[in-house]
S.K.: 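Sharing a structure here in structure tokens format.
Just follow the structure's listing: the first ligand is 1, and inside any ligand the first atom is 1. Values below: all heavy atoms of this structure, side chains included; hydrogens, waters and symmetry mates excluded.
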Amino acid sequence: MSGASFLVVPQWQGSGSSRAMRLIDGADAIRGDLPGARTHQVPVPAAAGESLGSGVNRFSSLAAVREATEAELALLEAPVVTVGGDCGAELAPVQHALAAHPPGSVAVVWFDAHGDLNDVDSSPSGAFHGMVLRALLGDGPDGLASAGESRLAPAQLVLAGVRALDDGESAFVEQNGIRVVSPGELDDPEAIVNAVAATGATAVYVHIDLDVLDPSAIDGIGYPEPFGVLPERLTEAIRALRRRFELAGAGLMEFAPENPDAAAHDLPVILRILGALTGPTASQAPAGSDGAR
Ligand SMILES: NC(=[NH2+])NCCC[C@H](N)C(=O)O
């Protein structure tokens, strides 16, 4: 894992203080397990921890986290692997990667059970982590929506492993012609490579929400969805992407273990994913392997 820089962003969604603690612990647990890696931590603005309610306060604290993350990213050499936090921690890293490359040359691969394509009005929960991609596409709460060179275009986005779209999200995907690679299609690592190649990109930003994995493979997530991706399939897809495209950046989000023992249970699979993002890119799985751990 040497060579890569890791940026830890303790960030959470506004659904209660115990959940906030779980997300912080998850990021810290991962950081503690990256021997020899260069890790940096975003100093989270003090107000962010207290404003866990809904509405404007929460969005403004997320904007403060976004700015603090951007300031750290500006100091680090790419590619940086950002460890969250909830998916809202991806705002600055994705914007930073897009702005650092020529327009249209970076595709964002969103490995996630969810679409994260709600806007403030369509969101069933009000939670920003379900709106992150929409904000990156330019529709989001004030201070959180991308604009200019850091704005993502629908044609640059690939949803991978998605299986829990809200109705409004499905309509948005259809209307905007967003590319989708289903969990089953990830059985063949070339499927994701081909989807990214079709965007015309030469570099890729890889977002991983751990809930893209099948719940049989990971415990410490808040939003498990059945019929997910096995770890081996995910790591092979990541390696295949890295063999073909420059890695513009990556994020690993939503690790929220109940306690340190639960974190220890999940860490081996998380470290394999981080290894696929930062280590050798040769295929590790024999052809036809079932990918179970
Ligand atoms: N990245 C996630 N875990 N997203 C969960 C989103 C759930 C739901 N679609 C919502 O908007 O609230």
S.K.: Is there a donor in the side chain of E236 and an acceptor in the side chain of S283, or the other way round, less than 3.5 Å apart?
M.R.: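 Yes, because at least one side-chain N or O of E236 sits under 3.5 Å from a partner of the opposite role on S283.
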
S.K.: Say whether A127 and ligand 1 are in contact under the criterion: heavy-atom distance to a ligand atom below 4.0 Å.
M.R.: no

S.K.: Among all protein heavy atoms in this structure, tell me which lies nearest to atom 11 (O) of ligand 1, with the distance rounded to 0.1 Å.
M.R.: N118 ND2, 2.9 Å

S.K.: In chain order, what residues pass the salt bridge (Lys or Arg N to Asp or Glu O under 4.0 Å) check against R66, with sequence neighbours excluded?
M.R.: none

S.K.: Going by side chain to side chain contact (heavy atoms under 4.5 Å, CB included), E90 matches just one of Q95, H129, H207. Which one?
M.R.: H207

S.K.: Is it the side chain, the backbone, both or neither of V132 that has a heavy atom closer than 4.0 Å to ligand 1?
M.R.: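 For V132, no heavy atom sits under 4.0 Å from ligand 1.
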
S.K.: Students should be able to answer this: which protein heavy-atom is nearest to atom 4 (N) of ligand 1, and at what distance?
M.R.: D116 OD1, 3.0 Å

S.K.: Atom CD of residue position E190 - does it have more than 12 heavy atoms of other residues, nucleotides or ligands inside 6.0 Å?
M.R.: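 Yes, CD of E190 has more than 12 neighbouring heavy atoms, counting only those of other groups under 6.0 Å.
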
S.K.: Taking distance alone, with N or O pairs closer than 3.5 Å, would you say Y223 contacts ligand 1?
M.R.: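 For ligand 1, there is no N or O atom that lies under 3.5 Å from one belonging to Y223.
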
S.K.: Tell me the contacting part of C87 for ligand 1: side chain, backbone, both, or neither, using a 4.0 Å heavy-atom threshold, strictly below.
M.R.: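 Under 4.0 Å from ligand 1, C87 contributes side-chain atoms alone.
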
S.K.: Can you name the salt bridge (Lys or Arg N to Asp or Glu O under 4.0 Å) partners of D119, sequence neighbours left out?
M.R.: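 Listed in chain order: R134.
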
S.K.: Does any N or O of ligand 1 fall below 3.5 Å from an N or O anywhere on D211, backbone included?
M.R.: yes

S.K.: What do we get for H129 next to ligand 1 when only non-hydrogen atoms under 4.0 Å count, side chain, backbone, both or neither?
M.R.: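 It is both backbone and side chain that touch ligand 1.
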
S.K.: For a quick check under 3.5 Å, do H40 and E72 share a side-chain donor-acceptor pair by atom type?
M.R.: no

